[in-house]
Amino acid sequence: MKAQMGIYMLTGLLLLSATIDSYPGTSGTLAGYVLDEKNGAPLPGANVMIQNTKLGAATDAKGFFIIINVPPGIFTVEARMIGYSTVIQHNVKVLVDLRTTIRFNLSEEAIQGQEVVITAERPMLQKDVTATAHFVAPEELEFIPVTTIQEVVDLQPGVAAGHIRGGRKTEVMYLVDGIPIQEVIEGEIGSDLPNSAVVDLTVQTGGFNAEYGNAMSGVVNIITQEGQETFKSRAEISALNISTEPNPFGDRDPDFLDWIYEANVGGPILGNQISYFLSANAKMPDSRWKREQFGKRQLVFNDYESYNYNIVGKLSMRPWHNFKINLSGLLSMWKWREYDHKWKQNLLGLVPRDKRSYRFSLTMTHTLSKRVFYTIAISQYNVMKSIYGKSSRDQEPIKYEVDEDGNPNYLGYIIYGDYPWWMDHQEIHTIGKIDLVSQLTNHHQIKSGGEFVYYDLYKKNVYRRELIPYGAGFPRYYSYDTDYRYFPRRGALYLQDKIEYEGMVANIGYRYDFFDPMALRPAVEKRVLDQTDEWIIADKEKVTATVKHQFSPRIGLGLPVTNTSEFRINYGYFFQMPLFDYLYTNANLNIAQGFSPLGDPDLKPAKTVAYEVGYKHQFGKNYLLDVTIFNKDVTNLVDSNTYINQSRGEDMPISGITRYVNMAYVNVKGAEIFVKKRYGDLISGKASYTFMTAKGTGSSATEQFDWLIQGYKVTVDEYYLSWDQRHTLVLNLDIRQAGDWGVNLLWRWNSPLPYTEEKGYLTTPNNGRMTATTYFDLRIDKEFKFGPLHSFLYFEGLNLTDARNVLWVDAIGQAGGVLEDPGAWDSGRRFRFGAGLRL
C-alpha cells in the first residue's frame, strides 16, 4: 500500500512540474519569412499579425517569424514594415499539430499606405507530417453527401468496414477539443455533435505522436468552433425519404420521412473580449431501419417516438491579451427501440432504450511569451444508458413458433414473452490536465503532457439469452447478470520534441501510462478437478489487482527528397486498457445457471507494435500522391475462455462459466494509395485505394464462446477476421462554382467480407466470402444571395444505382437466414431534400 501511495505521489509531482503540451491537438503553428522583394534580403523587425486575433510576431535577423498556439482555421495574415508596402495574405490555413509556412515579399513603398493583397495557396505537401493523417475541412463536411462524422471517417484511406487499419472499433479514440468522448465500460462513442459545429477534423490512422494515448488503431480529433468578432448564424432543415429502407412489414406509407434540423449562432458579447458559439441539431424520428449508431449497425423501429438531440456550446473569454478562458459543454440524448427480426410476431415484447451524455470543461491558456504558453484544463463527462426490459429472473419464458410436430421451432419467430434484458449504466470521467508548449528554438518545439483521470463506474445488468441447441434437444442459456460500482484511475506523462530543419523533420516522443483498477480479485482464479465435472474458484481469499505501468516510445521521420516529394517512416508502441466491462463484470462471482461471463480486474493492456513507410509527391500546384505501407502486431487482446459443465440431468440445461482473458493476437498489413486535387478550384476531389489483410485468433471479446455454442471445435490457428475487407476503393469528385452552385459525386466499392460456412464440427472461422458492395451517392446544391443573407437548397441521391448490398449471410450463405431478415441488406435508393439560411 505504501508503494502504491508512493507511485501516486510521484505521479502527482510529475504532473505539477513537467514541461507539458497544450491540450493534445487543439492548436497549430504559423511560421515563415519576410523578405525584400527586390533582392531577397531578410527584413528584420517586420511585424506579422493574424487579423481579427491578438496573435502576432516580429521577424528576427534572418527575417524569420513564428507564432504558436494558433487555433485551427483559415486566416488573413498581414506583414508591415516602415518604408515598405503592407502585404496581406488571405486564405492562410492552420491545421492542428502542424506548422503552416508562408512567405512575404515586401517592396519599397512607392505610394503612401499602399497595400498588396494576395491569396495564399497552402502547399499540398505538408512536410512536417511524419505519420498518416487525413485532414477534412468544414466545407468538405458540408458538401459530401453524408450526415455524421462517423460516415466521414469511414471514407478515409485505411478504413475498411468501419475498422481503422484492421483494428477493433473500440481501438479508436474520438476526441472533441482534445478530450475523449469514448465510453470506457462498453467502448461506444458516447456523444454526437452537429456537423456545423466542426472547424477542423483530423483522422490519424497510424503513427500518432506520444501526446495521444489509450488508443491503438487511430485517433479522430474534432475541433469545435469558437465565436468570432462578428455575428454569424446558420439554420438548415432536411428530409430523407426512407420508403426503400429494409422493411419487414411489407407495404408502408411512402411519404414516411426522417427529418434533421440543425442551427448554430455565434458572435461577440463584449467587443473582442468575450464571444460565444452555440450549435444544435435534432433527428426526428431517429428511426431508420439501417444506420450506424455509436460505431455499430443496428435496426430500430420506424416510429415517431425515437429521437436524437445534440448541443455544443462554447464561451470564450480574453480578460487580458495573453490569457484566454474557454467554457464548453456537450449534450447528446437518444431514445429508440432496437429491432430484432425474430420478434417480428411479438413487437410488444421488444424493449425501449435511451442514452444521455453531457460534458462540461474549463480550459485556461496563459501565454508567457511569444514562444511559451501553458494550459490548465478540467473536465467532467457523464454517460447514462438504460434498457427497460424485465429485471426479474422469474419472468415467464419466451415461446417460439411450433413445428408440424408441435415442438418449439428455435429457428423461427418468438410469439410470446418479453425481451429478457434490463440494464442501468452510468460512468463519470473526471479529467485534469496541466500543459505547456515551448518553441525552444526555431528548429525545436518541445511538448510534454500529463493528465489524471478518475472514474466513477456503475452498471447493473440482468440478461438471459436462450442459445439454440445443436444436439441436446433442449435450450441452453447465456446469463449476463452483474451489479458493480468501481472507482478506477489512470494517468499519463509524455515528452515530445518536434525537430524541423530544411532536410529533415522528426517527431520523437516517449509516453508513460499507469492504470489502477482499484479492485480485488480471487487469490486462485480457477481449478478444474480430475473428471472436469466441477469448477472451483477460491473467492474467499482475495488480493488487490495490480497497478499497470506502460512505456511507449514513438518516432517519426520525414525526409524531403526534393522540394515536391518526401519520404517518411514511423515506428511506435501503442497501449490500450481493456474495456472496464471485461474487468468488472460479475467480479463478485455470482454464477447463475447457464454461461455467466466473469471479469478479471487484473487483465493486462493490449499492445500494438506498428510501423509504416510512406512517400508523398506533389504534382504541380494542385495534385498530391501519397503511398503508404504498414504493418501492425497486436497482442493481449481480450477473448473468452469457457468451461462447460456437461450436465446429464434431463431437466437441467447445460451450464458453464466464461471468463475474459488476454489471449487473442492479430496481425494487420496493407498498403494505401491516395490521390488528392486541391479543394477550392472548379474541379477538385480525392481517390483512395486500400489493400489490407487482417488475420488473428479473435475478432471480438466473445469469439471463442460464440464459436463453442455453435458446436464447432475451437480453433487456435490464425484466420481472417470478420472485417477482413481485402480491397476498398473510394472516389469523391466535387465540381463547384464557389458561392453559387456545386455537384458532389461519391462512389465506393468494397470487396467481399468473410462469413463462416457450415462444414460440421471442424468448421473453420470465416472460411467463405460474401459478395462485393458498391454505393453511388450524389449531392447537388445551389446558393442564393440577398445582401448579407445567403440561402441554399440541396438534393441528395443515396445509392442511386439501387444496388442490393448484402451485409450478412447465415451458415449456408443465405442472406437474412431462414427468416429472411431485412437487416441483412443495406438501404436501397433514397432521396434527401434540404434548405437553409446563412448570415
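Counting non-hydrogen atoms of other residues, nucleotides and ligands closer than 6.0 Å to CZ of Phe323 gives a total above 12. Within 6.0 Å of the CD1 atom in Ile82, the count of heavy atoms belonging to other residues, nucleotides or ligands does not exceed 12.
Distance CD/Glu140 to CG/Leu201: 9.5 Å, rounded to 0.5 Å. A distance of 9.0 Å separates CD1 in Ile555 from OG1 in Thr130, rounded to the nearest 0.5 Å. Note: Met216 CE to Phe208 CZ = 9.0 Å, rounded to the nearest 0.5 Å. Between atom CG of residue Leu330 and atom CZ of residue Phe360 there is a gap of 9.5 Å, rounded to the nearest 0.5 Å. Between atom OG of residue Ser379 and atom CZ of residue Arg359 there is a gap of 5.0 Å, rounded to the nearest 0.5 Å. Note that OG of Ser684 and CZ of Arg678 are 10.5 Å apart. Values are rounded to the nearest 0.5 Å.
Relative orientation of the His134 and Phe674 rings is perpendicular, given thresholds of 30° and 60° on the angle between their planes. Using bins of under 30°, 30° to 60° and over 60° for the plane-to-plane angle, the ring pair Phe551/Tyr512 lands in the tilted bin. Using the six-membered ring where Trp is involved, Tyr573 and Tyr571 have ring planes that are perpendicular, over 60° apart on the 30 and 60° scheme.
Taking the side chain as every heavy atom from C-beta outward, Thr100 and Val92 approach each other to under 4.5 Å. Taking the side chain as every heavy atom from C-beta outward, Phe135 and Leu98 approach each other to under 4.5 Å. You'll find the side chain of Lys616 reaches within 4.5 Å of the side chain of Val129, heavy atoms only. Taking 4.5 Å as the limit, some side-chain heavy atom of Met504 sits within range of a side-chain heavy atom of Leu559. The shortest distance between side-chain heavy atoms of Ile431 and Pro180 falls below 4.5 Å. You'll find the side chain of Phe64 reaches within 4.5 Å of the side chain of Asn442, heavy atoms only. Contact of the Ile66 side chain with the Arg99 side chain is registered, since non-hydrogen atoms from C-beta on lie closer than 4.5 Å. At a threshold of 4.5 Å between non-hydrogen side-chain atoms, the residues Pro71 and Leu55 count as touching.
With Gln439 as reference, Gln445 is the one residue of Gln445, Lys370, Arg371 to meet the side chain to side chain donor-acceptor pair (under 3.5 Å) rule. Of the options Val146, Val203, Asn732, a side-chain contact (heavy atoms from CB on, under 4.5 Å) to Leu155 is made by Val146 and by none of the others.
Of the possible donor and acceptor atoms, none in the side chain of Arg490 sits under 3.5 Å from a partner among the backbone N and O of Asn214. For the pair Gln182 (side chain) and Tyr174 (backbone), a donor-acceptor distance under 3.5 Å is present. Thr59 places a side-chain N or O within 3.5 Å of a backbone atom of Ala46 that can act as its donor or acceptor partner. Side chain of Gln496 to backbone of Ala210: a donor-acceptor contact under 3.5 angstrom is found. Between the side chain of Gln618 and the main chain of Gly620, a donor-acceptor pair closer than 3.5 Å is present. Judged by distance alone, the side chain of Arg234 and the main-chain N or O of Asn264 form no donor-acceptor pair under 3.5 Å. At least one donor-acceptor pair under 3.5 Å links the side chain of Lys677 to the backbone N or O of Ile683. In this structure a side-chain-to-backbone donor-acceptor pair under 3.5 Å is missing from His444 to Ile499.
Of all non-hydrogen atoms in Leu35 and Pro42, the two that sit nearest each other are CD2-CA, 3.8 Å. Taking each heavy atom of Val265 and Phe231 in turn, the nearest pair found is CG2-CE1, 3.3 Å. Listed here is the closest heavy atom pair of Tyr381 and Ser191: OH-OG, 2.6 Å. Here the shortest heavy-atom pairing between Gly207 and Asn570 reads CA-OD1, 3.1 Å. Contact record, Asn221 with Gly178: OD1-N, 4.0 Å, taken as the closest heavy-atom pair. For Asn195 against Glu262, the heavy-atom pair with the smallest separation is N-OE2, 3.5 Å.
Listed by chain and residue number, Asn91, Lys93 satisfy the side-chain contact (heavy atoms from CB on, under 4.5 Å) test with Ile74 (two or more places apart in sequence, or in another chain).
A donor and an acceptor atom, one from each side chain of Thr205 and Gln156, are nowhere located under 3.5 Å apart. If you check the side chains of Thr628 and Arg568, you find a donor sitting under 3.5 Å from an acceptor. Ser279 and Ser196 are linked by a side-chain donor-acceptor pair at a separation below 3.5 angstrom, with hydrogens and angles left out of the test.
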Quiz item: After noting the C-alpha distance and the side-chain angles of Tyr212 and Met173, does the key distance pass the side-chain contact (heavy atoms from CB on, under 4.5 Å) rule?
Solution: CA-CA 9 Å; Tyr212 298 101; Met173 179 65 69; over 6 Å; no

Practice problem: Tell me, with the steps shown, if Glu612 and Thr132 meet side-chain hydrogen bond (donor to acceptor under 3.5 Å, both in side chains). | Solution: CA-CA 9 Å; Glu612 66 173 53; Thr132 305; 2.7 Å; yes

Quiz item: Given Thr375 and Thr363, is the side-chain contact (heavy atoms from CB on, under 4.5 Å) satisfied, shown in steps?
Solution: CA-CA 7 Å; Thr375 299; Thr363 309; 3.4 Å; yes

Quiz item: side-chain contact (heavy atoms from CB on, under 4.5 Å) between Asp177 and Ile223: does it pass, once the steps are laid out?
Solution: CA-CA 5 Å; Asp177 294 331; Ile223 308 299; 3.8 Å; yes

Exercise. Report the C-alpha distance between Thr86 and Arg80 in whole Å, list the side-chain angles of each, state the deciding distance to 0.1 Å, and finish with yes or no for side-chain hydrogen bond (donor to acceptor under 3.5 Å, both in side chains).
Key: CA-CA 5 Å; Thr86 297; Arg80 294 178 180 271; 3.2 Å; yes

Exercise. Check the pair Tyr84, Glu37 against side-chain contact (heavy atoms from CB on, under 4.5 Å), reporting the backbone distance first and the verdict last.
Key: CA-CA 10 Å; Tyr84 288 83; Glu37 185 180 46; over 6 Å; no

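Of the charged side-chain nitrogens involved, none lies within less than 4.0 Å of a carboxylate oxygen, so that Arg511 and Glu211 do not count as a salt-bridged pair.
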